[in-house]
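Structure first, commentary second.
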Amino acid sequence: MHYALSDFVLDIAQNSIEAGSASVTVRIEEDEASFAVTVSDDGRGMDQAQLKRALDPFYSDGRKHAGRRVGLGLPFLRQAVSMTGGGFAITSERGIGTTVSFSFPLANVDTPPVGDLEGLFVQLLAFDGDYEFVVERSKVEGEKSGSYRLVRSELIDALGDLGDSGSLVLLREFIGSQERSIFVP
Amino acid sequence: MAKMTLEELRKLRGEKREELRKRDVEGKTIQVIVGMGTCGIAAGAKDTYEALLKVVDEKKLSDQVVLRQTGCMGLCYVEPTVEIAMQGMPTVIYGKVNAAVAREIVEKHLIGKTLLDDHIYDKPAADIIKK
C-alpha cells in the first residue's frame, strides 16, 4: 500500500504514460474537506472486459513482464478509497483513452497524508518520452483560493532535457515558487 | 512571495548553462535510473529519487548526471531499485536503495568509482538504457 496520496497520483499517472499517450492531464483540487484527483490520457484505452480486469489485483496484461500475475496500481487505489469513504471512478474507451478520478476525505483517520506535492509534480513532468503533460493544481482554504498550471512542453522549452539533474533542481525551485504563492494573485 | 515566471526560469537556466560551459564534461554523462512502478513507489522510490537529486546537486555533479525514471524493472522484492550507467564502471542495478543508500551510491559509485557490493541485484535490462 502506498504511504501518501501523492504516491497514488504518481502510480496512476505512470500507467497513463506507459499506455502510449500523446497527452496526459493531472488535475488536483484540494479544499479543507477533500483531495480530489483526475488523471486523463489519450493512450490506448481499454474495452469493458479489460477495464474490469484492470481492477482485479490478480491480473496483469503481461505486456511488460511476461508471466507476472499481479497488477496492483488501481486495486491499491480502490482499496484505499473504499477504506476512507472517498470516491473512485474510471472510464475508458479503446483507442481513445482513460480517465481515472478519485477523491479522499481529508478528515477521515484512515486517509493517508497528502505527501510531497512539489516532488510529485517534478516526477510527473520528468518521465522520459515525447508527450505532453499538464498539471492543474487548485486549492481552496476558507475564502482564499488559488491555482496554477504546469505544461511540460513549456518547461522543456525553458529548461531543456528534464532528465538533466541541473534542470530538475531548477524545476523543483520553479514548482516550489508556484506552490508557495498559490494564494497570491 | 512572487511567483516565478517561465521567463525567469529560462533566464536562470541560461545562467546555469553558461556556468557549466566553463567545465569540460563532454561525453561524461552518468545515467541514473530510478524504478517508479507500483512496487517502487510503495517501497519509497519517491524519497530515493529526491535524495539522489539532492546529493547530486550538493556534490556539484548536476552537469554530468541525467536522472531518469522508469516503470518496474522486474525486481519488486528489492525495491526501490536504481540503475547506474557510466563510463569506466560496469552497469548495475542496485536494490533496497533508501535515501541513505542513495547518498552512498553518489559518494562511492559515482564519485569514488567503487561498487556497493551489498546492494547489487542485477545487470540491467537492455531496453532501459539509452545508447
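In the text below, chain A, chain B and the rest are named by the order of the sequence lines, each starting its count at 1.
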Residues in residues 91-113 of chain A near chain B [non-hydrogen atoms, under 4.5 Å]: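 Hits under 4.5 Å: none found.
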Would a single hydrophobic cluster contain both [Y] and [X], if residues Ile, Leu, Val, Met, Phe, Trp and Tyr are joined by side-chain heavy-atom contacts under 4.5 Å?
X         : Y         : answer
Met83(A)  : Val37(A)  : no
Phe88(A)  : Leu5(A)   : yes
Val66(B)  : Val106(B) : no
Met86(B)  : Ile111(B) : yes
Ile156(A) : Leu125(A) : yes

Quick check on [X] against chain B: is it the side chain, the backbone, both or neither that has a heavy atom closer than 4.5 Å?
X         : answer
Glu173(A) : both
Ile12(A)  : neither
Asp157(A) : both
Phe76(A)  : side chain

Nearest 0.5 angstrom please: [X] [atom1] to [Y] [atom2], how far?
X         : Y         : atom1 : atom2 : answer
Gln123(A) : Glu50(B)  : CD    : CD    : 6.0 Å
Gln14(A)  : Ile41(B)  : CD    : CD1   : 6.0 Å
Arg13(B)  : Leu159(A) : CZ    : CG    : 6.5 Å
Tyr3(A)   : Asp47(B)  : OH    : CG    : 9.0 Å
Asp164(A) : Leu67(B)  : CG    : CG    : 10.0 Å
Arg10(B)  : Leu155(A) : CZ    : CG    : 9.5 Å

Tell me which pairs pass ring pair (Phe, Tyr, Trp, His ring centres under 6.0 Å) where either residue lies in residues 114-152 of chain A, with sequence neighbours left out. none
Crowded around Glu32(A) CD? As in, over 12 foreign heavy atoms under 6.0 Å? yes
Return yes when atom CZ of Arg149(A) has more than 12 non-hydrogen atoms of other residues, nucleotides or ligands closer than 6.0 Å, and no otherwise. no
Which residue in the set Asp11(A), Asp7(A), Leu10(A) passes side chain to side chain contact (heavy atoms under 4.5 Å, CB included) when paired with Thr38(B)?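 Of Asp11(A), Asp7(A), Leu10(A), side chain to side chain contact (heavy atoms under 4.5 Å, CB included) with Thr38(B) is met by Asp11(A) alone.
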Salt bridge (Lys or Arg N to Asp or Glu O under 4.0 Å) with Arg152(A): which residues, sequence neighbours excluded? none
Check salt bridge (Lys or Arg N to Asp or Glu O under 4.0 Å) between Asp31(A) and all other residues, then give those that pass, not counting sequence neighbours.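 Once residues adjacent in sequence are excluded, Asp31(A) has no partner under the salt bridge (Lys or Arg N to Asp or Glu O under 4.0 Å) criterion.
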Would you say Glu154(A)'s side chain and Leu6(B)'s backbone share a donor-acceptor pair under 3.5 angstrom?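 No: the side chain of Glu154(A) does not pair with the backbone of Leu6(B).
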Checking Lys46(B) side chain against Asp116(A) main chain: does a donor-acceptor pair fall under 3.5 Å?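 Here the side-chain-to-backbone pair exists.
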Are Tyr49(B) and Val122(A) side-chain neighbours, meaning at least one heavy-atom pair lies under 4.5 Å? yes
With heavy-atom distances below 4.5 Å as the criterion, would you say the side chains of Glu15(B) and Leu170(A) are in contact?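 Heavy-atom side-chain distance check fails, nothing below 4.5 Å.
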With chain B as the partner, which of Ala4(A), Gly163(A), Ser6(A) has the greatest number of non-hydrogen pairs under 4.5 Å?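 Option with the greatest count: Gly163(A).
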Are Arg172(A) and Asp57(B) ion-paired here, with the side-chain N under 4.0 Å from a carboxylate O?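 Not counted as a salt bridge, because no side-chain N and carboxylate O are separated by less than 4.0 Å.
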Taking all non-hydrogen atoms of both residues into account, name the closest pair between Ser181(A) and Lys3(B) and its distance. OG-CG, 2.8 Å
Nearest heavy-atom neighbours spanning Ser165(A) and Leu61(B):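 Minimum heavy-atom separation between Ser165(A) and Leu61(B): OG-O, 4.4 Å.
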